[in-house]
Amino acid sequence: MDKRLASVTEAVSGIPDGATVMIGGFGGSGAPIELIHALIDHGAKGLTVVNNNAGNGHVGLAALIEQGQVDKLICSFPRGPSSEVFTERYRAGTILLELVPQGTLAERIRAGGAGIPAFYTPTSYGTDLAKGKPVAEFDGRMYVQERWLKADFALIKAEAADPHGNLTYRMTARNFNPIMAMASKTTIAQVTEIVDLGGIDPEQVITPGIFVDHVVEVATPQQEEVLNRAEAVYP
Amino acid sequence: MDKRLASVTEAVSGIPDGATVMIGGFGGSGAPIELIHALIDHGAKGLTVVNNNAGNGHVGLAALIEQGQVDKLICSFPRGPSSEVFTERYRAGTILLELVPQGTLAERIRAGGAGIPAFYTPTSYGTDLAKGKPVAEFDGRMYVQERWLKADFALIKAEAADPHGNLTYRMTARNFNPIMAMASKTTIAQVTEIVDLGGIDPEQVITPGIFVDHVVEVATPQQEEVLNRAEAVYP
Amino acid sequence: MTNIARIKLSNAQIAWRAAQDITDGAYVNLGIGFPEMVAQFQPEGRQAIFHSENGLLDFGPAPAAGEEDWDCINAGKKAVTIRPGSAIFHHADSFAMVRGRHLDVAILGAYEVAQSGDLANWSTGKDGIPAVGGAMDLVHGAKRVAVLTDHVTRKGAPKLVERCSLPLTGVGCVTRVYTSLAVVDIDAGRFVLREKLPEISVQDLQAVTGAQLYHEGPVADLIAPAL
Amino acid sequence: MTNIARIKLSNAQIAWRAAQDITDGAYVNLGIGFPEMVAQFQPEGRQAIFHSENGLLDFGPAPAAGEEDWDCINAGKKAVTIRPGSAIFHHADSFAMVRGRHLDVAILGAYEVAQSGDLANWSTGKDGIPAVGGAMDLVHGAKRVAVLTDHVTRKGAPKLVERCSLPLTGVGCVTRVYTSLAVVDIDAGRFVLREKLPEISVQDLQAVTGAQLYHEGPVADLIAPAL
C-alpha cells in the first residue's frame with residue numbers, strides 16, 4: 001500500500017492507444033502539465049480526452065492535441081485567447097468535439113465516480129445541446145437526462161499527497177481534479193509534495209486515497225499561463 | 001451579511017407546524033442536540049423529520065418524537081440500542097416511516113441541494129424498497145429511479161463558523177450535516193465556535209456560507225451518547 | 001429619431017444600473033466580460049458575495065500586475081484574490097450551488113433576448129468554434145437571471161426580439177434586461193418597459209426593439225452617473 | 001450424520017478465514033457485528049484499508065474504555081480512532097465510494113443466501129422495526145460481496161437456499177459465502193463447494209444446505225486456527 005512512483009514517465013507508461021483520459025484543470029490552473037508532457041513523450045494515440053477546455057498555446061493539452069494524439073475532446077469551452085491548435089484541427093475535421101455544458105460536464109463526471117448511471121438536469125433543456133436526449137417532467141418542470149462519464153485514466157494535479165494517495169489541492173487549482181479522480185479506473189496524481197502518512201489532517205483530505213492509484217512528486221510544477229506568456233512550445 | 005444569531009431559541013423560532021426538517025447527525029455524532037431541544041421548547045408539531053436514525057434514549061431526536069411533534073420520519077435505520085421511543089410510536093401507528101437505503105438517502109439529499117430532481121441507482125433494485133419506483137436499464141444493468149429530497153429547514157451541527165456561515169466539522173460528526181445544509185431552504189447551524197471572517201482557511205471550508213442561513217454558538221455542545229449513558233431525559 | 005448611438009449608456013453605466021438592484025448579502029454570479037464590471041458598482045453599505053463557476057465564492061479584486069497567482073483565478077481565467085470569508089470547492093460542488101438555486105442572481109451578456117425570456121448568448125450559429133461554458137447551467141440555476149446588453153447590435157439590429165433566431169442558451173429564463181437605453185422586464189411573455197433614457201421617447205425605443213414594448217404605469221427615467 | 005453443532009467454526013474462525021482472502025491494499029467494508037472481526041485477522045504483511053459508511057476511511061482500533069470521542073465513530077456507532085492516513089468525508093461522498101465501485105470487498109452477514117447470489121439480510125419480514133442502513137448500497141457497490149454466516153439457523157434450517165424467502169437486500173450480488181462449515185462460491189447460479197471442514201462429508205454438508213452443492217475438482221480442507 002504505497003502509491004508513490006518515481007517519475008511522471010513511469011506514471012503514464014501504461015496508457016494505451018485509444019484510452020479515454022480525463023485531464024484535470026480549468027484553463028491552466030490545476031492542469032498537470034508534467035504528466036501531459038510525459039504522455040506526449042509516451043506517445044499514446046487515438047485518445048479521447050475529457051477537460052473543461054481545449055488547451056492554450058503549444059504546451060500541455062494544446063501540445064497533446066498538436067501532436068495528433070487526441071481523436072476526440074469532451075469539453076465545455078474549447079475557445080480561449082490562444083486555442084489555435086484545437087481550432088485548426090477542428091476546422092480540418094481531424095478532431096471530434098463533444099460539447100457539454102460546464103455544470104453538466106462536472107456532474108456527469110461526479111456521477112461516473114458515484115455509480116449514478118444517469119440523472120436529470122434543467123440545464124440545456126430546449127437547446128441544441130439537448131437534442132436526442134430523453135426529457136422528463138418532474139414537479140411541473142422539464143429536465144434533460146444526462147449519462148455518467150467515466151474514463152480509463154485521470155491525470156490530475158494536487159498539492160500534497162501521502163503514500164496512501166490522500167490529496168489536498170492549492171486554491172482554485174482544485175476545480176475538476178477531485179471528481180476526475182473519482183471517475184477513472186486509474187488515477188495518476190502529480191503533486192508538489194509527498195508527505196509522510198499522517199502529514200495530512202484527516203479532516204483536511206479533499207480526495208481520499210481510495211480514488212487515487214499513483215502519486216508522483218513534481219516539486220516545482222509549471223503553470224500553463226506562465227509558459228504561454230513565455231511562448232513555450234512542447235516538445 | 002452577518003448570519004450570527006444570539007440563541008438557539010431565536011434560531012428555531014421561525015419553524016412552523018408541518019415543516020419538513022432535516023436534522024444532521026449519524027446516531028449521536030454530529031446531532032445538534034441544543035437545536036433539537038430548542039425545537040422541543042418551541043413546540044412546532046406535525047413535523048416531517050429527515051435523519052439517518054430515529055433517536056436514542058430520551059434526548060435529542062428521540063425526545064422530539066416522544067413529545068409527539070413528529071408525524072413522519074424519513075430515515076435509513078430507525079433501530080438502535082435504545083430507540084424505544086420511536087418503536088413504541090411506530091407500533092402504535094402514531095408515526096409514519098419512510099425507509100430509505102442509507103446511500104440513497106444521502107444521494108437524494110445531495111440531489112435536492114444540487115438541483116437534480118431524479119437520478120438512477122443500482123441500490124434496492126429487485127427489493128421491496130424499490131416497489132412502485134421507475135426502473136431503467138443502462139449499459140445492460142438495471143437501476144431504480146430515485147427523487148431528490150429537500151426540506152424547509154435543516155438543523156445541523158458544525159465545529160467552527162465565520163459570520164458568513166462558512167463551516168468546518170469535527171471528525172465523523174460531519175456525516176449528513178454538509179448535504180442537509182445544501183438541501184434546505186433555511187439552514188441553521190449550531191457551532192462550537194464562531195470565528196472572525198478569515199478565521200477559516202478558504203481551502204478548509206467544508207460547507208460554504210451560501211448553504212447556511214443562520215449560525216449560533218453553542219460552546220460546549222452535549223453529546224447524545226454521553227447524555228444517554230447518564231440516562232438523561234429532555235425536557 | 002434620436003441618434004441612439006450617441007446618447008446610449010456605456011457598458012460601465014449599464015453595469016452600474018444593474019448593480020443598484022443587487023441587495024445586501026446577495027449571492028451573485030457575473031458572466032465573463034462586461035457583466036464582471038457590476039462588482040465595481042455595489043452601492044455603499046451593501047455587500048454582495050460573488051461566485052465563480054470554477055470553484056470560488058467571495059473572491060477579492062484582481063491582484064496587481066506581476067503579482068498574479070495562477071492557481072487563484074476566476075471563471076474568466078483571470079487572476080483574482082482570496083479574502084477573509086472566501087471558500088474554495090470543486091467543480092461539481094460549484095455547479096450544485098448553481099443548479100440547486102442557491103445563487104440569488106446571475107447577470108449575463110446576450111446576443112438576443114426574446115419576449116418569452118428565452119436567451120441566446122452562446123453560439124452565433126456560424127462556423128466558429130462552439131463553446132458553452134457555464135451559461136446553460138446559470139440560466140436555469142440562479143433565482144433571478146438578468147441580462148446586460150447593448151440595445152442593438154453593432155449593425156443596429158434589435159437584440160430584444162419576438163423570438164430568438166440564434167441557438168438558445170435557455171428557455172424562458174430571463175426576467176430583466178438592462179440595455180444601453182432602457183430597463184425592460186419580461187413578464188408573462190411580454191417586454192415591459194420600466195425605465196428609459198430621458199433623452200429618447202418610447203417611440204424611439206420601440207423603433208429599435210424587435211418586439212412590442214409594453215408599459216404599465218409611468219416609465220421612470222434611467223439616469224446613470226458618468227462612468 | 002455428524003453433529004455439526006459441535007464441530008462448526010466459531011464466528012472468529014469464520015472471520016479469520018474470510019480475512020485470508022483479502023489482498024494487500026484492498027479497500028474493505030465490514031458489516032456491523034460479527035463481520036467486523038475480520039479486521040483482527042489480517043495476515044502478516046498485508047494491510048487492508050477499512051471503510052466506514054458514516055464517512056471515515058482507514059480508521060484505527062477502538063480506544064480504551066473511557067477514552068471514547070463520540071465524534072469519532074464507525075458505522076456501528078462504536079467509538080474508533082483515527083490514524084495516520086485516515087480520511088473523513090460526508091455521507092454522500094462516502095456512498096459515492098460505495099456505489100461507484102471503489103471498494104474491493106464488502107463482507108456482510110446474512111439471513112439467507114440463494115444460489116443465484118441473492119441476499120436477504122435486512123428484514124425478517126416480521127413485525128419488527130424495518131431498518132436497512134447501508135446494506136443495499138454495499139451489495140451493489142463493492143466489486144466483490146462476500147457473506148459470513150452460520151451454515152444453518154439456530155433452529156437448524158439451511159441459510160444457503162434455492163431461493164430466499166425473506167425480503168431481499170440485493171439480487172445476484174454475493175459471490176462467496178464463508179460459513180461455519182464450508183467455503184462456497186456462487187458461480188453461474190450454482191453453489192460450488194470450495195472448502196469444507198475435514199470432519200464432515202460432502203453428504204453431511206448437503207444435508208444442511210437448502211440447494212444443490214456442486215463441486216468442481218477437489219474440495220479443500222477448511223482448517224482455521226483455534227480462535
Side-chain angles (χ1 to χ4, degrees), chain B residues 26-30 52-54 56 75-81 83 86-87 90-91 97 99-111 113-114 121-130 141-143 159 169-180 182 206-207 223-226, chain D residues 32 52-57 59 68-82 86-101 116 118-120 122-123 125 127-141 164 166-173:
Chain B
F26 176 81
S29 176
N52 189 66
N53 304 101
N56 280 296
C75 82
S76 93
F77 206 84
R79 214 157 54 198
S83 56
F86 173 80
T87 301
Y90 180 75
R91 292 233 162 96
L97 171 66
L99 191 73
V100 183
Q102 195 169 332
T104 299
L105 182 64
E107 191 65 15
R108 287 178 62 193
I109 295 168
R110 192 254 173 202
T121 174
T123 302
S124 92
Y125 179 73
T127 77
D128 291 352
L129 296 189
R141 196 172 172 202
M142 296 302 296
Y143 295 88
E159 180 64 10
Y169 300 88
R170 187 162 179 275
M171 298 212 262
T172 62
R174 189 179 304 187
N175 56 61
F176 281 91
N177 288 298
I179 51 175
M180 288 180 168
M182 293 170 67
I206 301 299
T207 293
Q223 285 281 12
E224 185 187 277
E225 187 74 29
V226 173
Chain D
I32 296 171
S52 188
E53 295 96 299
N54 56 316
L56 180 54
L57 191 67
F59 52 94
E68 298 90 350
D69 182 332
W70 297 109
D71 280 345
C72 191
I73 62 172
N74 67 10
K77 300 182 182 96
K78 297 192 193 81
V80 293
T81 46
I82 58 165
S86 293
I88 291 165
F89 32 86
H90 64 53
H91 242 85
D93 281 349
S94 185
F95 280 90
M97 287 177 198
V98 172
R99 202 189 305 102
R101 299 206 161 255
S116 58
D118 292 0
L119 173 67
W122 74 279
S123 168
D127 71 342
I129 303 296
V132 64
M136 286 191 184
D137 302 282
L138 285 163
V139 296
H140 287 303
C164 293
L166 294 173
L168 292 185
T169 306
V171 174
C173 51

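The chains referred to below are lettered A, B, ... by the order of the sequence lines, with proteins before strands, and numbering in each begins at 1.
Of all heavy-atom pairs between D:His140 and B:Arg141, the closest is O-NH2, 3.1 Å. The shortest non-hydrogen separation linking D:Ile129 to B:Pro78 is CG2-CG, 3.7 Å. Across all non-hydrogen atoms, the minimal contact from D:Gly128 to B:Arg91 is CA-NH2, 3.7 Å. When all heavy atoms are compared, the tightest approach of B:Pro101 to D:Val132 is CA-CG1, 3.7 Å. Across every non-hydrogen atom of B:Thr127 and D:Gly170, the tightest pair is CG2-N, 4.2 Å.
For the atom pair CD of D:Glu53 and CZ of B:Phe77, the computed distance is 10.5 Å after rounding to the nearest 0.5 Å. The line from OG1 of B:Thr172 to CH2 of D:Trp70 is 10.5 Å long, rounded to the nearest 0.5 Å.
At least one side-chain heavy atom of B:Gln102 sits under 4.5 Å from a side-chain heavy atom of D:Phe95. Side-chain atoms of B:Met171 and D:Leu56, non-hydrogen and from C-beta on, never get closer than 4.5 Å to each other. Considering only heavy atoms from C-beta on, D:Ile88 stays 4.5 Å or farther from B:Tyr169 through its side chain. A 4.5 Å side-chain heavy-atom check between D:Ile73 and B:Glu225 finds every atom pair outside the cut-off. By the 4.5 Å heavy-atom criterion applied to side chains, B:Met182 and D:His90 are not counted as neighbours.
With a 4.5 Å cut-off on non-hydrogen atoms, B:Thr104 touches chain D through its backbone and its side chain both. Looking at B:Asn177, neither its backbone nor its side chain comes within 4.5 Å of chain D, counting heavy atoms on both sides. Using a 4.5 Å cut-off between heavy atoms, D:Asn74 touches chain B through its backbone atoms (N, CA, C, O) alone. For D:Ser94, no part lies under 4.5 angstrom from a heavy atom of chain B. For a residue to count as touching a neighbouring chain, one of its non-hydrogen atoms must lie under 4.5 Å from one of that chain's; by this rule B:Tyr90 touches chain D with the side chain only. Contact of B:Arg170 with chain D is made through backbone and side chain together, with heavy-atom distances under 4.5 Å. Heavy atoms of B:Leu97 lying under 4.5 Å from chain D belong exclusively to its side chain. Proximity to chain D (any heavy atom under 4.5 Å) is shown, for B:Pro122, by both the backbone and the side chain. Contacts between B:Arg108 and chain D at a heavy-atom distance below 4.5 Å are absent for every atom of the residue.
Ranked by non-hydrogen atom pairs under 4.5 Å with chain B, the options D:Gly172, D:Ala131, D:Pro130 are led by D:Ala131. Here B:Ser76 is the residue among B:Ser76, B:Ala173, B:Ala106 with the most heavy-atom pairs under 4.5 Å with chain D. Contact count versus chain D (heavy atoms, under 4.5 Å) is highest, among B:Leu129, B:Ile109, B:Asp128, for B:Leu129.
For the pair D:Asp137 (side chain) and B:Gly103 (backbone), a donor-acceptor distance under 3.5 Å is present. With B:Arg174 contributing its side chain and D:Gly55 its backbone, the two residues share no donor-acceptor pair below 3.5 Å.
Listed by chain and number, the residues in a side chain to side chain donor-acceptor pair (under 3.5 Å) with D:Ser52 are D:Asn54 (sequence neighbours excluded). Applying the salt bridge (Lys or Arg N to Asp or Glu O under 4.0 Å) test to B:Glu159 and every residue at least two apart in sequence or in another chain returns nothing.
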(request) Report the C-alpha separation of B:Gln223 and D:Asp71 in whole Å, then their side-chain angles, then the decisive distance to 0.1 Å, and conclude whether the side-chain contact (heavy atoms from CB on, under 4.5 Å) test is met. (result) CA-CA 8 Å; B:Gln223 285 281 12; D:Asp71 280 345; 2.8 Å; yes
(request) Tell me, with the steps shown, if B:Met142 and D:Val171 meet side-chain contact (heavy atoms from CB on, under 4.5 Å). (result) CA-CA 10 Å; B:Met142 296 302 296; D:Val171 174; over 6 Å; no
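D:Met136 pairs in a side-chain contact (heavy atoms from CB on, under 4.5 Å) with only one of the listed residues (B:Thr121, B:Val100, B:Thr123), which is B:Thr123.
A tilted orientation is assigned to the rings of D:His91 and B:Phe26, their planes being inclined by 30° to 60°.
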